[in-house]
Amino acid sequence: MADRYAGLVSGFDDLYRENILDHYKNPRNHGRIEPAGASAEGMNPLCGDEVTITVAFDEDGETIGDVRFEGRGCAISQASTSMLTELVKGRRAAEVLAFDKDELLDEVGIPLTPVRLKCAILGLHTLKVALGRATGAETDADEDIDVR
Amino acid sequence: MADRYAGLVSGFDDLYRENILDHYKNPRNHGRIEPAGASAEGMNPLCGDEVTITVAFDEDGETIGDVRFEGRGCAISQASTSMLTELVKGRRAAEVLAFDKDELLDEVGIPLTPVRLKCAILGLHTLKVALGRATGAETDADEDIDVR
Amino acid sequence: MAVTAKPTLDADKLRADFPIFDQSFHGKPLAFLDSAASSQKPRQMLEAMTRFYETSYANVHRGVYQLAERATEALEAAREKSCRLINAPEAREVIFTRNATESLNLVAYAWGLTNLGPGDVVLVTELEHHSNFVPWQYIAGRTGASFRMLPLDAGGELRLDELEAVVGRGTAKVVATNLVSNSLGTVNDVARLAAWAHERGAIMVCDAAQAVPHKRVDVLALGCDFLAFSGHKLCGPSGIGVLWGRAELLEAMEPFLLGGHMIKKVRLEETTWGDLPHKFEAGTAPMAEAVGLGAAIDYLGEIGFEAIEQHEHELVEYALGRFSELPSVTLYGPPADRRAGIVSFNVDGVHPHDVAQILDLEGVAIRAGHHCCQPLMTKLGVAATNRASFYLYTVPEEIDRLVEGVRKAKKLLG
Amino acid sequence: MAVTAKPTLDADKLRADFPIFDQSFHGKPLAFLDSAASSQKPRQMLEAMTRFYETSYANVHRGVYQLAERATEALEAAREKSCRLINAPEAREVIFTRNATESLNLVAYAWGLTNLGPGDVVLVTELEHHSNFVPWQYIAGRTGASFRMLPLDAGGELRLDELEAVVGRGTAKVVATNLVSNSLGTVNDVARLAAWAHERGAIMVCDAAQAVPHKRVDVLALGCDFLAFSGHKLCGPSGIGVLWGRAELLEAMEPFLLGGHMIKKVRLEETTWGDLPHKFEAGTAPMAEAVGLGAAIDYLGEIGFEAIEQHEHELVEYALGRFSELPSVTLYGPPADRRAGIVSFNVDGVHPHDVAQILDLEGVAIRAGHHCCQPLMTKLGVAATNRASFYLYTVPEEIDRLVEGVRKAKKLLG
Ligand SMILES: Cc1ncc(COP(=O)(O)O)c(C=O)c1O
Ligand SMILES: Cc1ncc(COP(=O)(O)O)c(C=O)c1O
């Protein structure tokens, strides 16, 4: 087991890469859209990470014209949510609902232990719930994340 | 720990010595006195050993003139009760109530592990309860032995 | 030695994995015929635990640092192994407890306190171990439910034909039985009982403490709702047990033990429970014990449960045959083809304690007592029996020594 | 290193007993500063368990053969050691459970279900670990008793002056508090709380999970009625906890877990309970775990609890001093002379998860989270804190590395 971890996180450069620090310190699409076409607040009660995501649809009622987030929490949760907003803007809701978390994790680009994984997908899970509500689609529950 | 036990029971000759076999096969003072000056039934619910002891006092109301037992159970419990009856006949109740179990165990004469110790003192404990009831004296409870 | 069928495992070779056999007792090699009480431990399992403590130990869950991640992974890997062992659908349905007894209490308390009431019937069997008897008796008493017992026939098998009569006009809510009896070795038809229970709207609770170590057990094939077993009887460490339950039942249930790790949010006004399996795992988990259990499952899996079952079957046939040579021996329980590797017996005129003690002097370890089955002893009309029980490391020579010792006991004391 | 007071134990030397320190993490030696979650294990303890499994393993109690006697002796010797450790009057008052959480649940269920009702007040503190909070909340809810919380002052100490006001006109029945807080390290005046509880006719339940490993604890001096702790936090194995209770209370109580070994007679109509401690120890005991616990108690006893307490006190003073150099750090809890070896803190603008992760990359293991104390977190107005906690193997250099890592985290993310 030791080996796996030895390679997994080998230093600051790996875990807190420039682009994560950049997204954490300069979040993209920060803020709140009011009134929103879709919205949800997600929270990981174990560590207190929080994000609120709001979405405005284009005229077709499907395409994400704008998406904004606010939140507080660890660098991973906030940076990954910031990255997420860039990834999904302009996509259709149905597409984002089928979005594979690995696509986001690739973007985050660092190896994550299970505890930190929850931080990294907080934004994605919250967004999916928001879109699911707005479009009536089902979304999988994540046992560790509370969404209102 | 191994050492202690290595010496403790080293064979049939130690554990099932002639005198135990003799008392088991030919119990002394077997039977029941009716009406009895004192009596009790003792039982070890864990292994089902049972003895019923009945006592007849001499005219002084104190000295054990006769004592008899019936029972079923393992060799140690039955033999030690048989030996006990020989030891206490002619003694005063108060004396027997203060009887140290080591005196009986010396007579039994073999090393006993804790589980078997309960077998060896079943008769003594039962007799003490019988005498305690008859004379109004207190006797210590033994958590593993039920006496009626 | 008279066994001719070819064993599908090599018990003589496997014995080398078990350090306990390196010693002698009263100058004789140890014939350990009390595996139904608890099994001995292979080196591989002990080493897995020590390695865990030496390299990967920390409190599991929610730790951000590496050691805590490693420990969490190790615990969850053990859960996966336990899940596959009994063919459970999902690992989150596998709850670690301290022993099978606690697993059964968990169901009795958490399900029973809320779902039982007057008019309801809790049905156990006359063959139950106290651990699947007393919790139900107690919770039935607390809730006003009626507590009943399915009787045995003379051969030590369940009177399934009495089911309707015993429940009568009550509402059957719980049927609780073991899969293999620890006293008689009887293998019970749990699938049939489960079907009956479900027809009546009852839940079926299966005590598999004596089954999981010795044969392939499949919760789906059994059709039960809950299944309990202990680690220490299957070459694993003391201090860990397993409860499997169907997710929808576990999710609908109240929790049992409360405290750290089983909650989502705690407020003065209200507390919300965590998800499965955490909801039922309060406090620090038996982490090293889970690792040991996982290693034991791997160990047994490599040998193969079919081989283990076959090996024990041959031993039990052999033992029943050898005992039939002794007219002073009374045997209890069903024939070899319907029993596991357990033989309960009495010797005319010799108390079980004396039999066990004389055997001990020969280096043969068996159990003498009520085996936590007093209702069964009452039925058999005895206070105690002798019980010899076998496992993968048992060899026929040990049964020869057992029979020889019983002869001696009879000669000396009978 | 800036500590000048002479430590009364040689932590550098003791570290050699702990195999976990033989590895490195990210190329750095392990600074394990999470002992409040669970402690690391000395070789001596691990060897005692392995030796037990290899030479003396069998199911305890009632076995007639030697191995079973040896195992029983080993278990009971561990009980005696646990008894002396906390200066309990009698070994039969010492009950082995799976962890401190289960110990506290045992009291809440077995005492609470029968003795609580509407109008009664169960009082816990705002400082409680969930394990001494949620069971009481749950059982109070089930029985209709009122569940209340003694508040903390700004320094993280109990508002004992609020006792009367919080209970009001209710009948105080239970006062439950920890002796040492796992979040803040606060040492609580349990003796005073116990005296107050007894004046009001309540029982006093003391959660000593963070105390027993680190200082001499004396149940008679505390005057409590029940006291709980875990083996894994005091150099012992996972899978075992202890509950001590006053014999007269334990005897009057209903049992909790039911099944094998805790009974006297089992009949369909009625079951009678065994005597202490067996009445509360259903099923196969955590035998090897008890042996490990006993070995750990011996190990700590040889070092001396006064030396351990003094050592940790010096570390905590040193740590508080070093942290005061960092203006971005907020410290929680009382001054060093009223706290145990635990330091909770936050770093301005840096989430605890990030602090802990960055420290992990430096080989420094601390915990980040709510520490199973959500009511306290609510009071502090934070979702989580960082927590560093010390033990006999902690050296001041590790605190230097902690402080250095916090500086880095602040620079990188703050
Ligand atoms: C104060 C306190 N009480 C109770 C517990 C629970 O201990 P365990 O998880 O061993 O049951 C802990 C440990 O997490 C603790 O710190
Ligand atoms: C059939 C059966 N059920 C339950 C148990 C209880 O197991 P444990 O003592 O590990 O809780 C046993 C073992 O004694 C058993 O044989």
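Keep in mind that this is a model prediction, so the values were computed, not measured. Naming: A, B, ... by sequence-line order, numbering from 1 per chain.
Without hydrogens or angle criteria, C:Q374 side chain to D:K264 main chain gives a donor-acceptor distance under 3.5 Å. C:Q23 places a side-chain N or O within donor-acceptor distance of the main-chain N or O of D:T55, the cut-off being under 3.5 Å. Remark: the backbone N or O of D:T284 is paired with a side-chain donor or acceptor of C:N99 at under 3.5 angstrom. When atom types are taken as modelled, the side chain of C:Q137 and the backbone of D:L268 share a donor-acceptor pair closer than 3.5 angstrom.
Every pair tested for salt bridge (charged side-chain N to carboxylate O under 4.0 Å, His left out) that includes a residue from residues 129-141 of chain C fails, sequence neighbours excluded, so the list is empty.
In terms of heavy-atom pairs under 4.5 angstrom with chain C, the leader among D:P237, D:A209, D:A58 is D:P237. For the set D:E269, D:R142, D:H129, D:E126, the count of heavy-atom pairs under 4.5 angstrom toward chain C peaks at D:R142. Contact count versus chain C (heavy atoms, under 4.5 Å) is highest, among D:M287, D:H232, D:H261, for D:H232. Listed options D:V124, D:L258, D:D34, D:I240 were ranked by heavy-atom pairs under 4.5 angstrom with chain C; first place goes to D:L258. When the candidates C:I366, C:D22, C:T378 are compared by the number of heavy-atom contacts under 4.5 Å with chain D, C:I366 comes out ahead. Options D:A365, D:S230, D:A356 differ in how many heavy-atom pairs under 4.5 Å they form with chain C, and the most are formed by D:A365. Ranked by heavy-atom pairs under 4.5 Å with chain C, the list D:A290, D:G239, D:S238, D:P286 is led by D:S238.
From D:Y57, atom OH reaches atom CZ of C:F18 across 12.0 Å, with rounding to the nearest 0.5 Å. Note: C:K233 NZ to D:N59 CG = 6.0 Å, rounded to the nearest 0.5 Å. In this structure, CD1 on D:I20 lies 8.5 Å from CZ on C:F52, to the nearest 0.5 angstrom.
Contacts between D:A108 and chain C at a heavy-atom distance below 4.5 Å are absent for every atom of the residue. With a 4.5 Å cut-off on non-hydrogen atoms, D:V355 does not touch chain C at all. Heavy atoms of D:F147 lying under 4.5 Å from chain C belong to its backbone as well as its side chain. For a residue to count as touching a neighbouring chain, one of its non-hydrogen atoms must lie under 4.5 Å from one of that chain's; by this rule D:M377 does not touch chain C. Contacts between C:V291 and chain D at a heavy-atom distance below 4.5 Å are absent for every atom of the residue. Proximity to chain D is absent for every atom of C:S35, based on heavy atoms less than 4.5 angstrom apart. Contact annotation for C:F133: only side-chain heavy atoms (C-beta onward) come within less than 4.5 Å of a heavy atom of chain D.
For C:Y53 against D:Q40, the heavy-atom pair with the smallest separation is O-OE1, 4.3 Å. Contact detail for D:G260 and C:S131: the closest heavy-atom pair is N-OG, 3.0 Å. Among all heavy-atom pairs drawn from C:A282 and D:T101, the shortest one is CB-CG2, 3.6 Å.
Between D:V134 and C:W273 there is a side-chain heavy-atom pair separated by less than 4.5 Å. A heavy-atom distance below 4.5 Å is found between the side chains of C:E289 and D:E289. At a threshold of 4.5 Å between non-hydrogen side-chain atoms, the residues C:V266 and D:H370 do not count as touching.
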**OP:** Go through the steps for D:L67 and C:F25 under the test side-chain contact (heavy atoms from CB on, under 4.5 Å), then give the verdict.
**Re:** CA-CA 9 Å; D:L67 266 186; C:F25 286 77; 3.7 Å; yes
Subject >> Intermediate values then yes/no, side-chain contact (heavy atoms from CB on, under 4.5 Å), C:M262 and D:H130 >> reply: CA-CA 9 Å; C:M262 54 70 71; D:H130 296 159; over 6 Å; no
Original post:
Does the ring-ring contact (aromatic ring centres under 6.0 Å, His included) test come out yes or no for C:Y109 and D:F256, once each step is laid out?
Top reply: CA-CA 10 Å; C:Y109 271 90; D:F256 178 43; 5.5 Å; yes
**OP:** Start with the C-alpha gap between C:T97 and D:R98, add the side-chain angles, then the distance that decides, and say whether side-chain contact (heavy atoms from CB on, under 4.5 Å) holds.
**Re:** CA-CA 8 Å; C:T97 62; D:R98 67 140 92 174; 3.9 Å; yes
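Shown here are the side chain to side chain contact (heavy atoms under 4.5 Å, CB included) partners of C:E54, two or more places apart in sequence or in another chain: C:T50, D:P19, D:L46.
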